[in-house]
Novice: 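This structure is in structure tokens; I'll ask about it shortly.
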Amino acid sequence: MNYELKKLSISDGRDIYDMLQEIAKDENGFINTVNGMTFEEYKEWLISRDAMSKGIGLEDWQVPSNTYWLFVEGRPVGTGKLRHFLTDKLRAEGGHAGYAIRKSERNKGYGTILLKMLIEEAKKMNIEKILLTVRNGNTNSIKVALNNNGRIENVNEERYYIWIDC
Ligand SMILES: CC(C)(COP(=O)(O)OP(=O)(O)OC[C@H]1O[C@@H](n2cnc3c(N)ncnc32)[C@H](O)[C@@H]1OP(=O)(O)O)[C@@H](O)C(=O)NCCC(=O)NCCS
């Protein structure tokens with residue numbers, strides 16, 4: 001199998017758009033605003049996400065973050081986000097990374113591979129360890145984190161706090 005992690009580009013096209021329609025607007029706290037957008041709105045969104053990775057146009061609570069696509073055999077199957085650093089708010093909710101696999105491609109190991117590749121990216125960015133904040137009921141995501149040597153450091157009524165060394 002050929003796996004490739006590509007960073008979002010403003011020239012991304014229909015294949016990524018179609019994938020993002022297969023990921024809910026909000027599933028377990030993973031937010032996908034492209035679901036329900038027109039193709040033209042998505043092209044504008046690509047420009048704002050690209051700017052966000054450079055720290056441009058951020059809201060007060062936001063930090064720079066990169067968006068990636070996982071391709072398997074040349075087809076996009078999932079998306080990941082990686083924040084460059086944490087704030088107190090993100091330490092409580094959000095963490096460094098988020099990921100989602102399109103519905104038709106779940107339970108094939110791709111979520112585990114996507115997180116592995118996000119960790120490699122974090123290492124390149126000199127991030128020593130990443131935090132994942134996973135909702136309690138999200139067993140599959142917790143498994144994805146544990147498959148990548150995640151250490152559960154805390155659990156509260158809402159979330160698991162899982163750290164992974166890069
Ligand atoms: C969480 C998510 C990314 C997992 O992606 P995935 O490609 O299905 O993950 P994997 O195939 O690597 O599976 C991970 C584990 O979950 C299990 N799993 C995944 N889907 C399953 C299903 N439908 N039924 C039972 N087990 C399932 C796998 O068996 C595997 O367990 P194992 O490690 O014991 O073998 C995917 O379900 C998703 O996109 N969810 C919505 C967004 C989300 O919740 N993101 C995380 C926010 S923190």
Side-chain angles (χ1 to χ4, degrees), residues 1-54 56-59 61-84 90 93-122 124-125 130-148 150 158-160 162 164:
M1 284 283 196
N2 179 261
Y3 301 109
E4 206 181 347
L5 192 74
K6 288 192 191 164
K7 200 170 167 192
L8 173 147
S9 153
I10 56 172
S11 60
D12 284 329
R14 185 67 67 173
D15 57 345
I16 300 289
Y17 174 79
D18 289 343
M19 172 185 71
L20 291 171
Q21 303 314 310
E22 248 190 69
I23 294 171
K25 280 186 181 17
D26 178 355
E27 192 171 356
N28 305 313
F30 184 89
I31 307 296
N32 169 30
T33 49
V34 179
N35 182 305
M37 279 186 186
T38 64
F39 187 73
E40 290 65 34
E41 286 167 339
Y42 150 77
K43 292 298 286 185
E44 290 296 318
W45 175 86
L46 287 173
I47 294 168
S48 68
R49 287 299 312 187
D50 179 64
M52 209 173 165
S53 74
K54 296 165 182 148
I56 300 165
L58 304 175
E59 306 283 336
W61 59 273
Q62 289 177 320
V63 305
S65 75
N66 296 357
T67 303
Y68 299 92
W69 319 122
L70 174 66
F71 283 77
V72 178
E73 303 291 339
R75 181 171 183 263
V77 303
T79 176
K81 296 176 198 170
L82 187 60
R83 296 190 171 101
H84 298 195
L90 290 169
E93 181 188 341
H96 281 100
Y99 39 81
I101 298 295
R102 70 194 295 173
K103 290 210 172 87
S104 59
E105 299 288 349
R106 290 186 187 170
N107 203 13
K108 296 181 181 179
Y110 298 155
T112 299
I113 287 162
L114 172 54
L115 178 57
K116 179 174 177 280
M117 294 176 101
L118 289 174
I119 295 163
E120 286 165 6
E121 285 300 313
K124 284 187 212 158
M125 290 160 64
I130 62 166
L131 174 66
L132 305 172
T133 67
V134 186
R135 296 234 176 117
N136 289 356
N138 197 355
T139 315
N140 295 337
S141 181
I142 293 166
K143 282 186 183 171
V144 163
L146 296 181
N147 288 346
N148 280 289
E158 283 181 35
R159 291 185 177 77
Y160 278 64
I162 306 177
I164 303 176

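If you're wondering where the values come from, they're calculated on a predicted model, not measured in any experiment.
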Novice: Check whether any side-chain heavy atom of Pro64 sits under 4.5 Å from a side-chain heavy atom of Leu58, and report yes or no.
Specialist: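 Of all side-chain heavy-atom pairs linking Leu58 with Pro64, at least one is under 4.5 Å.
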Novice: Between Ile113 and Met117, is there a side-chain heavy-atom distance shorter than 4.5 Å?
Specialist: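 In contact.
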Novice: Report yes if some heavy atom in the side chain of Glu158 is under 4.5 Å from a heavy atom in the side chain of Glu93; otherwise report no.
Specialist: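 Side chain of Glu158 against side chain of Glu93, heavy atoms only: no contact under 4.5 Å found.
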Novice: Nearest 0.5 Å, please: how far is CG in Asp50 from CG in Asp12?
Specialist: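 Rounded to the nearest 0.5 Å, the CG-CG separation comes out at 9.5 Å.
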Novice: Taking NZ, NE, NH1 and NH2 as the nitrogens, is one of them in Glu40 or Lys43 under 4.0 Å from a carboxylate oxygen of the other?
Specialist: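 Not counted as a salt bridge, because no side-chain N and carboxylate O are separated by less than 4.0 Å.
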Novice: Taking it one step at a time, do Tyr110 and Arg102 satisfy side chain to side chain contact (heavy atoms under 4.5 Å, CB included)?
Specialist: CA-CA 10 Å; Tyr110 298 155; Arg102 70 194 295 173; over 6 Å; no
Novice: Is the closest side-chain heavy-atom distance between Tyr160 and Asn138 below 4.5 Å?
Specialist: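 Heavy-atom side-chain distance check fails, nothing below 4.5 Å.
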Novice: Apply side chain to side chain contact (heavy atoms under 4.5 Å, CB included) to residues Ile101 and Lys108 and explain how you reach the verdict.
Specialist: CA-CA 10 Å; Ile101 298 295; Lys108 296 181 181 179; over 6 Å; no
Novice: Considering only heavy atoms from C-beta outward, does the side chain of Gln21 approach that of Val34 to under 4.5 Å?
Specialist: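 In short, these two side chains touch, coming nearer than 4.5 Å.
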Novice: For residues Tyr68 and Thr79, determine if any side-chain heavy atom of one lies less than 4.5 Å from a side-chain heavy atom of the other.
Specialist: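 Counting from C-beta outward, Tyr68 and Thr79 never come under 4.5 Å.
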Novice: Within this structure, what is the CG-CE distance for the pair Leu82 and Met125, rounded to the nearest 0.5 Å?
Specialist: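 If we round to the nearest 0.5 Å, Leu82:CG and Met125:CE are 4.5 Å apart.
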Novice: Checking side chain to side chain contact (heavy atoms under 4.5 Å, CB included) between Leu114 and each of Tyr3, Trp69, Tyr99, which is the one that passes?
Specialist: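 Looking at Tyr3, Trp69, Tyr99, the match for Leu114 under the side chain to side chain contact (heavy atoms under 4.5 Å, CB included) is Tyr99.
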Novice: Decide yes or no for Ser65 and Arg49: does some side-chain heavy atom of the first lie under 4.5 Å from some side-chain heavy atom of the second?
Specialist: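 Yes; the side chains approach each other to less than 4.5 Å.
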Novice: For Glu44, which residues count as a side chain to side chain donor-acceptor pair (under 3.5 Å) partner, sequence neighbours excluded?
Specialist: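 In terms of side chain to side chain donor-acceptor pair (under 3.5 Å), with neighbours along the sequence ignored, Glu44 is linked to no residue.
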Novice: Please walk me through it: do Glu73 and Asn2 pass side chain to side chain contact (heavy atoms under 4.5 Å, CB included)?
Specialist: CA-CA 5 Å; Glu73 303 291 339; Asn2 179 261; 4.2 Å; yes
Novice: Is Asn148 close to Lys116 at the side-chain level, that is, under 4.5 Å between some pair of heavy atoms?
Specialist: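 SC-SC contact between Lys116 and Asn148 confirmed.
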